[in-house]
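Just so it is clear, the values below take in all heavy atoms, side chains as well, and ignore hydrogens, waters and symmetry mates. Reminder, nothing fancy here: chain letters follow the sequence lines and each chain counts from 1.
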Number of protein chains: 2
Amino acid sequence: MKKVTINDVARHAGVSKKTISRVLNNEQNVSIDTRARVQRSFKELGYRPNPQARGLASNQSFLIGMLYDNPNKSYITDTQTGALDTCQREGYNLVIYPEDFESLDLLERLEQLLINSHLDGLILTPPFSDMLPLLELLDRMAVSYVRIAPSVCLELSPCVISNDTEASYQMVRYLISLGHTRIGFIKGHPDHSASHKRLDGYMKAMNEADITVVDELIEQGFFTFRSGEECGRRLLNREQPPTAIFASNDFIAAGVLKVCAQRKISVPHQLSVCGFDNAPISRYIWPSMTTIKNPIKPMAAEAAKILIKSIREESLENTVIKFEDELIVRESSGPVPVQ
Amino acid sequence: MKKVTINDVARHAGVSKKTISRVLNNEQNVSIDTRARVQRSFKELGYRPNPQARGLASNQSFLIGMLYDNPNKSYITDTQTGALDTCQREGYNLVIYPEDFESLDLLERLEQLLINSHLDGLILTPPFSDMLPLLELLDRMAVSYVRIAPSVCLELSPCVISNDTEASYQMVRYLISLGHTRIGFIKGHPDHSASHKRLDGYMKAMNEADITVVDELIEQGFFTFRSGEECGRRLLNREQPPTAIFASNDFIAAGVLKVCAQRKISVPHQLSVCGFDNAPISRYIWPSMTTIKNPIKPMAAEAAKILIKSIREESLENTVIKFEDELIVRESSGPVPVQ
DNA sequence: GTCGAGTTTGACACCGGTGTCACGATATGA
DNA sequence: TCATATCGTGACACCGGTGTCAAACTCGAC
């Protein structure tokens, strides 16, 4: 298991180091049979280039970072595996940076991390995708990055996005088609741009169907289970409670379902409850939840792909790639109850 | 944002590169005021050593890998953040390797990964912790590693462990103390050593209390929600169904709870249901679940710590560090129903 | 005052690759 | 036929640090 270096290969193939390097990096201007000979030597010697040395010489690290702060563990791991899929194929390692978005010295911390790690590129997930000061920092430090699901300044960098507004709109249309008109809505964390988009979709569908949006049917949640319990309780305490509740994510919806169970409100017969994200809990809870599925893994994989492209060919035009969400109907939604 | 190299610092401090390097690595035999002067230059110039170069020269990568294959997303992210905590403090990056444990060419894939990435160390999580051929491979390739929660050959490497058998034993004792004697058990995936330990704890507690262990009250699950539904259904179909069901993890238990909800079996009044792992679902489901909490983050942090120690000081004796599990009583368990 | 041991420091090669440039060989055009 | 462009290749410096070794300096003991 002794290391095979470039010199060994050079000797074995009877060419210079530089030519080995050329073959390694797929450069042109290497004759066909030289290339073949070198590649044979690679095989025979089991040669693996040393990423440290390559990096030092060419000022790369073959490291891609992923920055996140998301309570949805399944979202995190899905994003990771999606991105990793591409990274491994392209010879990059993925290093992870869970960071506290609320932290006061966040920007400083991030700057330290970037300086220390010498990343080739960084994948930003919400809510970092919309953090303008961070984007500036990255520009200033000349670190390439992609953003997943940003909502502002799409022209600033390559991005992958889905259409939360549209998905939310579809969900509400679906509820309306079941006969619901008193549709409650629980908003997500105001720091996440997705929260606003999801509300927009709700409003759009309501307006389009000429249903008056009642303030008292809209509650402010925070993407957490607990906020779901609280908001759910408040909504169900109204004089005229809603016949359907659409929560901005599955955790909130799960909180609502818990309140229903406690109060023996039968879902979906007395109340429909819908979530957003297709988190595992949406499947594991009872009744299983109607929700929106976001193609997380493919999005992350694509994000990594365009990031690597932009690392390699210095500033291509800033691609924005769109993905479609999908409405998943399960047991927690049904026709409006007859009075 | 131009790079400051070791030469710049050397010039600025009026000493040689080598002395800078000495200060950087906290070597002894540097006079106090030279050290102070160099450190001042570090500050003033904002010097950051280049990990690539350091790695190339000293044959390190400052990369620690984490290998896992676990359906429990929250377990994964907790392990990651725990380990990362230590890694960042010690100047290492964490790179992640989700791999399919069932894959046929697993060992080959891993070998490739290791060769390509030049890791300084690797953190193994179950079920990889017990994969002997992998341990051999790592030894052969001279890659340091720690194992989290292994159950075989603890002397082979540094490990962090908790006592699944004991925790499971405590859970069953708790159920017995509530008056239960017909206690069903749903086993976990046979590939995970934890499954066997959890069963052992069950057996021990039952035997100790002189309760006959009935075969028909033990089912084979697979750590999945679906297997929980199936096993739950079977257990509840028995002529004499159990009054309590202890599932080997929370997903299984959630499946059982779903079956109860469907059949309008009131938990915990007619049936107690307990899980293992304290996954988020155990809190978000209704009724919230009695379960076992494993100190995942501290364990992972400690694992990283002893790994780094063993990387630095070549083969210290193989530490094994123990952690305690904790029984968390929530709403899904209660006294045995009166007939 | 001399000697030996220990401390502090720097010169220089080296880690394993890549960038630059120059050279010879072959192809192209006038 | 000769000048010029293009291709294929290697010599050599260089990326930013660390390891080795020897020189210079300090200090206490004799």
Side-chain angles (χ1 to χ4, degrees), chain A residues 1-39 41-42 45-63 91 115-118 120 142 311-312 314, chain B residues 1-39 41-42 45-63 91 115-118 120 142 311-312 314:
Chain A
M1 188 89 345
K2 69 215 159 298
K3 286 173 291 192
V4 180
T5 76
I6 198 170
N7 295 300
D8 302 326
V9 187
R11 206 170 310 119
H12 185 273
V15 295
S16 74
K17 293 209 292 186
K18 181 61 207 183
T19 298
I20 305 295
S21 168
R22 290 200 176 92
V23 175
L24 213 55
N25 294 288
N26 266 313
E27 289 176 27
Q28 40 190 358
N29 292 345
V30 178
S31 74
I32 299 193
D33 47 331
T34 306
R35 191 182 298 272
R37 190 147 33 93
V38 171
Q39 254 145 4
S41 296
F42 283 173
L45 298 179
Y47 170 66
R48 298 286 155 176
N50 179 332
Q52 314 280 319
R54 245 144 77 87
L56 176 59
S58 60
N59 199 27
Q60 297 178 262
S61 64
F62 304 101
L63 253 35
I115 295 180
N116 289 328
S117 314
H118 290 232
D120 284 346
I311 291 173
R312 291 194 176 144
E314 312 262 331
Chain B
M1 188 93 338
K2 68 217 158 293
K3 284 172 292 190
V4 180
T5 76
I6 197 169
N7 295 299
D8 302 326
V9 187
R11 206 169 311 121
H12 185 273
V15 295
S16 73
K17 290 209 298 186
K18 181 62 210 182
T19 298
I20 306 295
S21 168
R22 288 200 177 92
V23 175
L24 213 57
N25 294 289
N26 266 315
E27 289 176 27
Q28 43 189 357
N29 291 346
V30 178
S31 75
I32 300 191
D33 46 334
T34 306
R35 191 182 297 271
R37 191 148 33 92
V38 170
Q39 255 145 2
S41 296
F42 283 175
L45 299 179
Y47 170 67
R48 298 287 154 174
N50 179 331
Q52 314 279 318
R54 245 143 76 88
L56 176 59
S58 61
N59 199 25
Q60 297 178 263
S61 65
F62 304 101
L63 253 34
I115 295 181
N116 289 328
S117 315
H118 290 232
D120 284 345
I311 290 172
R312 290 195 175 142
E314 313 262 329

Under the side chain to side chain contact (heavy atoms under 4.5 Å, CB included) test, residues paired with [X] that sit two or more places apart:
| X | answer |
| --- | --- |
| B/Ser58 | B/Gln60 |
| A/Ala53 | A/Asn50, B/Leu56 |
| A/Thr34 | A/Val15, A/Thr19, A/Val30, A/Ser31, A/Arg37, A/Val38 |
| A/Asn59 | B/Lys3 |

Legend entry - d(NE2, B/His118; C1', C/dG16) in whole Å: 10 Å

Inset, instruction - Tell me which residues in residues 27-37 of chain A put a heavy atom below 4.0 Å from DNA chain C, sorted by number, or none. - result: none

Inset, instruction - Would you jot down, in residue-number order, the residues of residues 46-56 of chain A having a non-hydrogen atom under 4.0 Å from DNA chain C? - result: A/Tyr47, A/Arg48, A/Pro49, A/Asn50, A/Ala53, A/Arg54, A/Leu56

Legend entry - Residues in side chain to side chain donor-acceptor pair (under 3.5 Å) contact with A/Arg48, at least two apart in sequence or another chain: B/Gln112, B/Asn116

Inset, instruction - Could you list the residues that satisfy side chain to side chain donor-acceptor pair (under 3.5 Å) with A/His118, not counting sequence neighbours? - result: none

So, does [X] get its side chain near the phosphate of [N], meaning an N or O under 4.0 Å from OP1 or OP2?
| X | N | answer |
| --- | --- | --- |
| B/Ser58 | D/dT18 | no |
| A/Thr19 | D/dG10 | yes |
| A/Ser21 | C/dG17 | no |
| B/Asn25 | D/dT18 | yes |

Legend entry - Net bend of the helix from C/dG1-D/dC30 to C/dA30-D/dT1, end axes of five pairs each, nearest 10 degrees: 40°

Result block: side-chain N/O donor-acceptor pairs under 3.5 angstrom for residues 21-29 of chain B, not counting sequence neighbours:
| residue | atom | partner | partner atom | Å |
| --- | --- | --- | --- | --- |
| B/Asn25 | OD1 | B/Arg54 | NH1 | 3.1 |
| B/Asn25 | ND2 | B/Ser21 | O | 2.8 |

Legend entry - Close side-chain approach of B/Leu63 and B/Asp120, heavy atoms under 4.5 Å: no

Inset, instruction - State which residues pass salt bridge (Lys or Arg N to Asp or Glu O under 4.0 Å) with B/Arg11; sequence neighbours excluded, sorted by chain then number. - result: B/Asp8

Can you check nucleotides 22-25 of chain D for protein contacts, nitrogen or oxygen pairs under 3.5 Å, and list what you find?
none

